Colleague: 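Below are the structure tokens for one structure; questions will follow.
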Amino acid sequence: MESKKRILLVNSYAVNNGDLALVIALYEQLIAQGHTVNIATFYYEFLKDKYPNLPFIKELNDYKFIIQATFIKKLFGRINFYFNKAYHNHDVFIASPGGYVNSYYGLKRSLLSLILAKNQSKKTAIYSQSVGPLNEKDRKRLTEYSKSIDVILVRDDFSKDCISSFPCSSKVFQTKDAAFLLPPRISKAALDCKTVAVSVREWKFDNRDMNDFYKMIQSFCYVVLAKGYSIEFISTCQGVENYRDDSLVASVIKDRIIAEHPSFKEKITVNSKYHTYHELIELLNTKYAFTIGTRLHMCILSLINGTPAFNISYEIKGIECYKYLMLENYSADFNESQEIALTKFNDFIENYRSIQASLLDKILPIHEESKESLKMFLKEMGI
């Protein structure tokens, strides 16, 4: 029987509650099996203050650099790795779950830790990632970097297809989003709850049009308000200095709505406060009738906590997740035509009570499947 290991989850942006949910889900499962687990994250000082009981350590490049040149950061990261015992004194390095193996965020930074770890003969893995889209340069990078990675888990069909032509395909396995390692809960919101959570975000990749997105959200809000609900804009990403703040986008949409319909002013709130992960999931479990979610993990966390969620898919990962949840009829593309999007959304509102009643039956099997995928992953890793 394999001995228990010291595991480091790397490349975490745990300041984003969606990313933190993924880390906590994997962390808790690994801890339950007796492993020692630490979490390397950016925004370390902020997070250590908010979560004193989580074993955070600083990410390799979680520092302010006078010179912003990439080669300086890369060189510093390499030096830091070799001299920082708190960082490299682990047996296994796992890239935190998420959606950063693509050409939006940069593979060099995301996978540097795994390459350095493999140079010291550590076990390495990528857990429950979306893969793609990748430009030609990043396809070559991933081909090279994958030589330093023992096992890769992807979280949807699109990602599996994207990586199937790579030389590393023999060590690629498919799972679901890592957040489904979290046990599902039944909603505690009042049956007559009349508050709706709305999550928005900026997205300018793939030639997306923010003005069309604003119009879509406005049209959804008008339907919600006309049915007597109030709206609270809230997100997994807000209230942290020098990090993405979705409440800024929410304020733009709120202002546009009020400019057209001043009578709605008292029915719309922009919640710009930072909430810890635990505070956020309690809100999602107790406060809202349903969620309109642009950020995927605002939707997933809502669903896990018993609250129906309509998804706006700005990347392929949104619709891919809703497909295996068999909720694809309740996912609209970020720039879908307003007519089609509204048809889907009106159908969602008509059926959200029945969706809620069946959520546990949908989520629980995926939760169990995710745990089985983790067992398979650990077996492949030999731990």
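None of the values given here were measured: they were computed from a predicted structure.
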Colleague: In plain terms, say whether Lys344 and Asp347 are close enough for a salt bridge, that is, a side-chain N and a carboxylate O under 4.0 Å apart.
Modeller: no
Colleague: Using modelled atom types only, decide if a donor and an acceptor are shared between the side chain of Lys215 and the backbone of Gln338 within a distance under 3.5 Å.
Modeller: no
Colleague: Rounded to the nearest 0.5 Å, what's the gap from OG1 on Thr276 to CG on Leu20? Could you check?
Modeller: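 Atom-to-atom, Thr276:OG1 and Leu20:CG are 9.0 Å apart.
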Colleague: Between the main-chain N or O of Thr236 and the side-chain N or O of Arg295, is there a donor-acceptor pair closer than 3.5 Å?
Modeller: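 No: the side chain of Arg295 does not pair with the backbone of Thr236.
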Colleague: So, taking the atom named CG in Leu296 and the one named OG in Ser199, what distance separates them when rounded to the nearest 0.5 Å?
Modeller: 10.0 Å
Colleague: Which heavy atom of Ser113 sits nearest a heavy atom of Leu60, and at what distance?
Modeller: OG-CD1, 3.6 Å
Colleague: Should Met298 and Leu182 be counted in the same cluster of Ile, Leu, Val, Met, Phe, Trp and Tyr side chains packed under 4.5 Å apart?
Modeller: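 Yes, because Met298 and Leu182 connect within a single hydrophobic cluster, where side-chain heavy atoms sit under 4.5 Å apart.
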Colleague: Are Tyr352 and Phe310 an aromatic pair, judged by ring center distance below 6.0 Å?
Modeller: no
Colleague: Output yes when Lys48 and Glu45 qualify as a salt bridge under the 4.0 Å nitrogen-oxygen rule, no when they do not.
Modeller: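 Glu45 and Lys48: not salt-bridged.
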Colleague: According to the interplanar angle, ranging from 0 to 90°, do the rings of Phe93 and Tyr87 count as parallel (below 30°), tilted (30 to 60°) or perpendicular (above 60°)?
Modeller: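 Because their plane-to-plane angle lies in the 30° to 60° range, the rings of Phe93 and Tyr87 count as tilted.
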Colleague: Hey, any chance Leu107 and Leu75 share a hydrophobic cluster, counting ILVMFWY side chains that come within less than 4.5 Å of each other, even indirectly?
Modeller: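 Yes, because Leu107 and Leu75 connect within a single hydrophobic cluster, where side-chain heavy atoms sit under 4.5 Å apart.
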Colleague: Identify the two heavy atoms, one from Arg139 and one from Ser165, that lie closest to each other, and give their separation to 0.1 Å.
Modeller: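 Nearest heavy atoms, Arg139 then Ser165: NH2-OG, 3.2 Å.
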Colleague: Are Val252 and Phe334 connected, step by step, through hydrophobic side chains (Ile, Leu, Val, Met, Phe, Trp, Tyr) whose heavy atoms are closer than 4.5 Å?
Modeller: yes
Colleague: What are the two closest heavy atoms between Ala197 and Ile234, and how far apart are they?
Modeller: CB-CG2, 3.9 Å
Colleague: Which atom names give the shortest non-hydrogen contact between Leu111 and Tyr145, and what distance separates them?
Modeller: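 Residues Leu111 and Tyr145, closest heavy atoms: CD1-CD1, 4.0 Å.
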Colleague: Run the numbers on His297 and Leu22 for side-chain contact (heavy atoms from CB on, under 4.5 Å), then give the verdict.
Modeller: CA-CA 9 Å; His297 287 95; Leu22 297 171; 3.4 Å; yes
Colleague: Is there a donor-acceptor pair closer than 3.5 Å between any side-chain N or O of Asn305 and the backbone N or O of Leu301?
Modeller: yes
Colleague: Does the Lys NZ or Arg CZ of Arg208 fall within the cation-pi geometry relative to Phe213 - under 6.0 Å from the ring centre and within 45° of the axis?
Modeller: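 The answer is no, since Arg208 fails at least one limit relative to Phe213.
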Colleague: Strictly by modelled atom types, are Asp206 and Tyr104 linked by a side-chain donor-acceptor pair under 3.5 Å?
Modeller: yes
Colleague: May I ask you to decide if Lys4's main-chain N or O and His35's side chain share a donor-acceptor pair within less than 3.5 Å?
Modeller: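 The answer is no, because no donor-acceptor pair under 3.5 Å joins these two groups.
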Colleague: Inspect the contact between Glu320 and Lys323 and indicate whether a charged nitrogen and a carboxylate oxygen are less than 4.0 angstrom apart.
Modeller: yes
Colleague: How close do Gly132 and Cys162 get, counting heavy atoms only, and between which atoms?
Modeller: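 Minimum heavy-atom contact is CA-SG, 3.9 Å.
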Colleague: Report yes or no: does Thr269 contribute a side-chain atom to a donor-acceptor pair with the main-chain N or O of Asn271 at less than 3.5 Å?
Modeller: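 A pair under 3.5 Å: no.
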Colleague: With no hydrogens and no angle check, do the side chains of Ser302 and Thr291 hold a donor and an acceptor under 3.5 Å apart?
Modeller: yes
Colleague: Return the OG to CD distance between Ser331 and Glu336, rounded to the nearest 0.5 Å.
Modeller: 8.0 Å
Colleague: Assess, by modelled atom type and distance only, whether the side chains of Asp246 and Ser235 contain a donor and an acceptor separated by less than 3.5 Å.
Modeller: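 There is such a pair (donor and acceptor under 3.5 Å, judged by atom type) between the side chains of Asp246 and Ser235.
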Colleague: Can you measure from CD1 (Ile355) to CG (Asn329) and round to the nearest 0.5 angstrom?
Modeller: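 If I round to the nearest 0.5 Å, the distance is 9.5 Å.
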Colleague: When you check the gap from the basic side-chain N to the acidic O, do Lys204 and Asp209 get nearer than 4.0 Å?
Modeller: no
Colleague: Test side-chain contact (heavy atoms from CB on, under 4.5 Å) on Phe166 and Val131 and set out the steps.
Modeller: CA-CA 12 Å; Phe166 283 68; Val131 177; 5.9 Å; no
Colleague: Please check if Ile340 and Ile292 belong to a single hydrophobic cluster, counting links between Ile, Leu, Val, Met, Phe, Trp and Tyr side chain heavy atoms closer than 4.5 Å.
Modeller: no
Colleague: How close do Ala125 and Ile149 get, heavy atom to heavy atom, and via which atoms?
Modeller: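 Answer, listing the atom of Ala125 first, then Ile149: CA-CG2, 3.9 Å.
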Colleague: So is Lys194 actually on top of Tyr229's ring, under 6.0 Å and inside 45° of the axis?
Modeller: yes
Colleague: Quick one: do Ser247 and Asp245 satisfy side-chain hydrogen bond (donor to acceptor under 3.5 Å, both in side chains)? Show the steps, please.
Modeller: CA-CA 5 Å; Ser247 69; Asp245 188 344; 2.5 Å; yes
Colleague: Kindly determine whether Asp91 and Ile7 satisfy side-chain contact (heavy atoms from CB on, under 4.5 Å), including the steps that lead there.
Modeller: CA-CA 6 Å; Asp91 309 303; Ile7 299 173; over 6 Å; no
Colleague: Is the ring centre of Tyr13 less than 6.0 Å from the ring centre of Phe42?
Modeller: yes
Colleague: Hey, could you give me each pair passing salt bridge (Lys or Arg N to Asp or Glu O under 4.0 Å) that has a residue in residues 166-191? Not counting sequence neighbours.
Modeller: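 Salt bridge (Lys or Arg N to Asp or Glu O under 4.0 Å) check on residues 166-191 returns Arg155-Asp177, Lys176-Glu369, Arg185-Glu282.
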Colleague: Considering the options Asn38, Leu9, Ile39, which one meets the side chain to side chain contact (heavy atoms under 4.5 Å, CB included) requirement together with Phe56?
Modeller: Ile39
Colleague: Could you check whether Tyr330 and Tyr322 have their ring centres less than 6.0 Å apart?
Modeller: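 No - the distance between ring centres of Tyr322 and Tyr330 does not fall below the 6.0 Å cut-off.
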Colleague: Run Asn11 and Ser96 through side-chain hydrogen bond (donor to acceptor under 3.5 Å, both in side chains) and show every step you take.
Modeller: CA-CA 6 Å; Asn11 199 52; Ser96 297; over 6 Å; no
Colleague: Will you find, in the side chains of Asp157 and Gln174, an N or O donor that is under 3.5 Å from an N or O acceptor?
Modeller: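 There is such a pair (donor and acceptor under 3.5 Å, judged by atom type) between the side chains of Asp157 and Gln174.
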Colleague: State whether the side chain of Lys58 and the backbone N or O of Asp62 hold a donor-acceptor pair below 3.5 Å, judged by distance alone.
Modeller: yes
Colleague: With a 3.5 Å distance limit and no angle check, can you tell me whether Gln356 reaches the backbone of Gly306 through a side-chain donor-acceptor pair?
Modeller: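 Yes, because the side chain of Gln356 sits within donor-acceptor range (under 3.5 Å) of the backbone of Gly306.
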Colleague: Below 30° counts as parallel, above 60° as perpendicular, anything between as tilted: where do the rings of His88 and Phe81 land?
Modeller: tilted
Colleague: Does Glu260 CD have over 12 foreign heavy atoms under 6.0 Å away?
Modeller: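 Check passes, neighbour count above 12.
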Colleague: Do Ser12 and Thr41 get their side chains close enough for a donor-acceptor pair, meaning under 3.5 Å?
Modeller: no
Colleague: In this structure, would Met210 and Val200 fall into the same cluster of hydrophobic residues linked by side-chain contacts under 4.5 Å?
Modeller: yes
Colleague: Is a side-chain donor-acceptor pair under 3.5 Å present for Tyr82 with Gln120?
Modeller: no
Colleague: Could you tell me whether the side chains of Asp156 and Ser159 share a donor-acceptor contact shorter than 3.5 Å?
Modeller: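 A donor-acceptor contact under 3.5 Å links the two side chains.
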Colleague: Could you walk me through whether Arg141 and Glu136 satisfy the salt bridge (charged side-chain N to carboxylate O under 4.0 Å, His left out) test, starting with their C-alpha distance in whole Å, then the side-chain angles of each, then the deciding distance to 0.1 Å, before giving a yes or no?
Modeller: CA-CA 9 Å; Arg141 281 178 178 150; Glu136 190 58 35; over 6 Å; no
Colleague: Is it true that Asn211 and Arg256 share a donor-acceptor pair across their side chains at a distance under 3.5 Å?
Modeller: yes
Colleague: Quick one: are the ring centres of Tyr105 and Tyr100 less than 6.0 Å apart?
Modeller: no
Colleague: Taking the basic N atoms (NZ, or NE/NH1/NH2) and the acidic carboxylate oxygens, is any pair closer than 4.0 Å for Lys371 and Glu368?
Modeller: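 A salt bridge links Lys371 with Glu368.
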Colleague: Mind checking whether Phe173 and Phe377 have ring centres under 6.0 Å apart?
Modeller: no
Colleague: For a side-chain contact (heavy atoms from CB on, under 4.5 Å) check, start with the C-alpha distance between Phe290 and Val224, then their side-chain angles and the critical distance, and finish with the verdict.
Modeller: CA-CA 10 Å; Phe290 57 85; Val224 166; 4.1 Å; yes
Colleague: Check for a donor-acceptor pair, side chain of Asp138 on one end and backbone N or O of Leu134 on the other, with a separation under 3.5 Å.
Modeller: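 Not at all, since once roles are kept as given, no pair shorter than 3.5 Å links the two residues.
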